[in-house]
Amino acid sequence: MPTVMITGAKRGIGRGLVDQFVQAGWDVIASGRDATATDLARLGNQVTALDLDVTDDRSIAQAVATLNGRPLDLLVNNAGVNNIALNGFDALTRDAWLEELSVNTVAPFMVTRAFLPNLKAGERQHLAVVSSKMGSIEDNTSGGKYMYRSSKTALNMVLKSLSWDLREAGFTCVTLHPGWVQTDMGGPSAPTTVAESTRGLFAILDGLKPEHNGRFFNFDGTELPW
């Protein structure tokens, strides 16, 4: 069976992806802060709970050591943050903006680089980041959300560069928009359920092909503008 590693797997979209991959028969490494203390550690032999703080280099190194070279077919960088209260023009602060960039932009690169040997040892060499169409410059017709938008735009550029840098090694790298989803971040009024979003995301990820490298997909499979 193929193996996927998902960051931010304790709740929301990450947890929904865990369920989708398990149902499809994949082996899943479900990572998050203190993941081994949650029910992820009790989901059965298909799921390995992995403690990982994506903003802490020591935690990343420890997680790499814990996997001990285990091959990965797919890495899904899903962990992210949206400090809604501080994302407005007057409310944002320098420290809050830097924190959002650290989690949403820098961490996915650091995690990818650290686990690259595991991905190279896998059969598929697939990589994904969960971004947002709010990071699309062309799609921005309403303004605002400075911290979140800029962090996701930067993440899209990180993925695009990875798609070029890793193509010779046979990697397929994609950016994903999960939709506006009913999670702690999206809120209860969001139009898309976690199950609807993650079913679509799983279909994209399970069907990745070389020609998808460097592209930006909505959860329904349509392509989005950068």
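- Using modelled atom types, one side-chain atom of Asp56 and one backbone atom of Ser59 make a donor-acceptor pair closer than 3.5 Å.
- At least one donor-acceptor pair under 3.5 Å links the side chain of Thr7 to the backbone N or O of Ala79.
- Within 6.0 Å of NZ on Lys10 lie more than 12 heavy atoms contributed by other residues, nucleotides or ligands.
- In this structure, Asn78 contributes its side chain and Val130 its backbone to no donor-acceptor pair below 3.5 Å.
- Contact of the Asn104 side chain with the Leu155 side chain is not registered, since no non-hydrogen atoms from C-beta on lie closer than 4.5 Å.
- Under a hydrophobic clustering in which Ile, Leu, Val, Met, Phe, Trp and Tyr are joined whenever their side-chain heavy atoms come within less than 4.5 Å, directly or via other members, Phe216 and Ile204 fall into different clusters.
- In the hydrophobic clustering of ILVMFWY residues, with side-chain heavy atoms under 4.5 Å counting as a link, Ile13 and Trp26 come out together.
- Taking each heavy atom of Asn87 and Met147 in turn, the nearest pair found is OD1-N, 2.9 Å.
- With Asp73 contributing its side chain and Arg124 its backbone, the two residues share a donor-acceptor pair below 3.5 Å.
- In this structure a side-chain-to-backbone donor-acceptor pair under 3.5 Å is present from Thr66 to Gln62.
- Taking OG from Ser151 and CG from Asn156, the interatomic distance works out to 9.5 Å, rounded to the nearest 0.5 Å.
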*asked:* Test side chain to side chain donor-acceptor pair (under 3.5 Å) on Thr93 and Asp95; report intermediate values, then the result.
replied: CA-CA 6 Å; Thr93 65; Asp95 287 345; 5.9 Å; no

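- Side-chain atoms of Asp51 come within 3.5 Å of backbone N or O of Ala35 as a donor-acceptor pair.
- Screening Leu72, Thr172, Asn213, Asn77 for a side chain to side chain contact (heavy atoms under 4.5 Å, CB included) with Leu127, the sole residue that qualifies is Asn77.
- Across all non-hydrogen atoms, the minimal contact from Ala30 to Val47 is CB-CG1, 4.1 Å.
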